[in-house]
There are 2 protein chains.
Amino acid sequence: MSFISTRSRYGLRFLIDLAQRGALGPIDLGSIAERQGIPETYLAKLVVPLRNAGIIRSARGAKGGYELARSPAEVAVLEVVEVLEGRSSLLECTDRPELCARSADCPTLPVWTGLETVVHDYLASVSVGDVAAPRAPDYSI
Amino acid sequence: MSFISTRSRYGLRFLIDLAQRGALGPIDLGSIAERQGIPETYLAKLVVPLRNAGIIRSARGAKGGYELARSPAEVAVLEVVEVLEGRSSLLECTDRPELCARSADCPTLPVWTGLETVVHDYLASVSVGDVAAPRAPDYSI
DNA sequence: CCCTAACTGGACCATTATAGGATTGATTAA
DNA sequence: TTAATCAATCCTATAATGGTCCAGTTAGGG
Ligand code: SF4
Ligand code: SF4
């Protein structure tokens, strides 16, 4: 349907769930799936690319589960979307102009390239840590 | 595949083709389809919503065809995309939070709403006239 | 007046993406 | 050992996308 599919939406919520629980050791997928109302079997497939990308770490066996591999502030939403959607662009031709014979003289291409730029800039500016903050912001000086 | 499908891409190129030919009376679909390398039968379906939206005007009968109903500068790319994609948002829940029971307390919703804002702002800032300019810009004072 | 170019609407189809399910196997704490 | 848990693979249903076909209708031009 759209650039932001359930993969990104579920995946981001999954990461936020992990982040909000902090470093208490791995959390099993079933409990997260239940809390978030996401089909566990579906979520199980989303974690694979997240692990391959080094965003999360998994522990097998009893008491196993998943935990963040980095600080939430170091995980940009852009990276999550790219990893889960399997692509980084809204349009093929902005990444690979050679795929379209018209790209050299296409008046619309700059429009889409510009759109992609604003999308990337925005998503890169937001991290999992930014949205996972479970408590009030830090009011100390 | 993505938010920007062939409907928007073809449609925008179609409008630019119209704009670049100026007010010389209606242009028939076949010649545009051929020039742009778009299947005429497919393009024929894209023009219907564009006409309903008041972006183009059609003339039936011999020597008929299509022409812009407004000045190219008055047609924002945002409007074209909304009309052709049949929706205005990248995500349902940003428009209709009532569709998701979690929207009231969803930490990710602001992320998507913010993304949508930057996308809308960008697309609203670009008009068909901006990209259709067939010649060098006006250097007069 | 009639022909015909051209638009109009709808049915139809093939391919792909999406969302989800199920099964089986490997690993490890207790 | 055994139960819990990740890992990997295969399967299915549904929808979106991109495109075709055709039977109408309209109206300009000769
Ligand atoms: S015609 Fe332009 S917008 Fe379309 S695929 Fe080619 S380069 Fe991209
Ligand atoms: S959980 Fe949040 S992002 Fe997902 S559909 Fe509901 S409101 Fe939207």
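Model, not experiment: these values are computed from the prediction. Chain letters run A, B, ... following the sequence lines, proteins first and then strands; every chain starts at 1.
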Original post:
Taking atom types as they are modelled, is there a donor-acceptor pair under 3.5 Å from the base of D/dT17 to the side chain of B/Arg7?
Top reply: no

Original post:
Do B/Lys45 side-chain and C/dT8 base share a donor-acceptor contact under 3.5 Å?
Top reply: no

Original post:
Do any side-chain nitrogens or oxygens of B/Ser58 fall under 4.0 Å of OP1 or OP2 in C/dT8?
Top reply: yes

Subject >> Earlier contact from the 5' end, DNA chain C, for A/Gly61 and A/Pro39 >> reply: A/Pro39

Original post:
How do A/Arg51 and A/Ala62 order along DNA chain D: which one's closest nucleotide is nearer the 5' end?
Top reply: A/Ala62

**OP:** Specify the separation, in whole Å, of atom CG of A/Asp28 and atom P of C/dA29.
**Re:** 15 Å

**OP:** With DNA chain C as reference, determine whether B/Ala44 or A/Tyr10 sits nearer its 5' end, using the nearest nucleotide of each.
**Re:** B/Ala44

Original post:
So, A/Tyr122 and B/Thr117: side-chain donor and acceptor under 3.5 Å apart, yes or no?
Top reply: no

Original post:
Taking only N and O in the side chain of B/Ser5, is any of them less than 4.0 Å away from OP1 or OP2 of D/dG18?
Top reply: yes

Subject >> Distance, rounded to the nearest Å, where A/Lys63 contributes NZ and C/dA29 contributes P >> reply: 12 Å

**OP:** Mark yes when over 12 heavy atoms from residues, nucleotides or ligands other than B/Glu34 sit less than 6.0 Å from its CD; otherwise mark no.
**Re:** no

Original post:
Within this structure, what is the CG-to-P distance between A/Leu46 and C/dT18, rounded to whole angstrom?
Top reply: 12 Å

Subject >> Spacing between B/Leu18 atom CG and C/dC7 atom P, to the nearest angstrom >> reply: 11 Å

Original post:
Would you say A/Leu115 and A/Leu109 are hydrophobically clustered, going by side-chain heavy atoms of ILVMFWY under 4.5 Å?
Top reply: no

**OP:** Measure from CG on A/Leu91 to P on D/dT17 and round the result to the nearest Å.
**Re:** 14 Å

Subject >> B/Arg35, CZ: over 12 other non-hydrogen atoms inside 6.0 angstrom >> reply: yes

**OP:** Ignoring hydrogens and angles, tell me if any N or O in the side chain of B/Ser8 forms a donor-acceptor pair with the backbone of B/Ile4 under 3.5 Å.
**Re:** no

Original post:
Picking from C/dG21, D/dC6, D/dG19, which would you name as closest to the side chain of B/Tyr42?
Top reply: D/dG19

**OP:** Report which part of the nucleic acid B/Thr41 touches: base, sugar-phosphate, or nothing (heavy-atom distance under 4.0 Å, all strands).
**Re:** base

Original post:
A/Gly65 near the nucleic acid: base, sugar-phosphate alone, or nothing, with a heavy-atom cut-off under 4.0 Å?
Top reply: sugar-phosphate

Original post:
Can you tell me how far C1' of C/dC7 sits from CZ of B/Arg57, to the nearest Å?
Top reply: 16 Å

Subject >> Atom-to-atom span, CG of A/Leu84 to P of C/dT18 - whole angstrom >> reply: 12 Å

Original post:
Rounded to whole angstrom units, what separation is found between the CD1 atom of A/Ile27 and the C1' atom of D/dA4?
Top reply: 16 Å

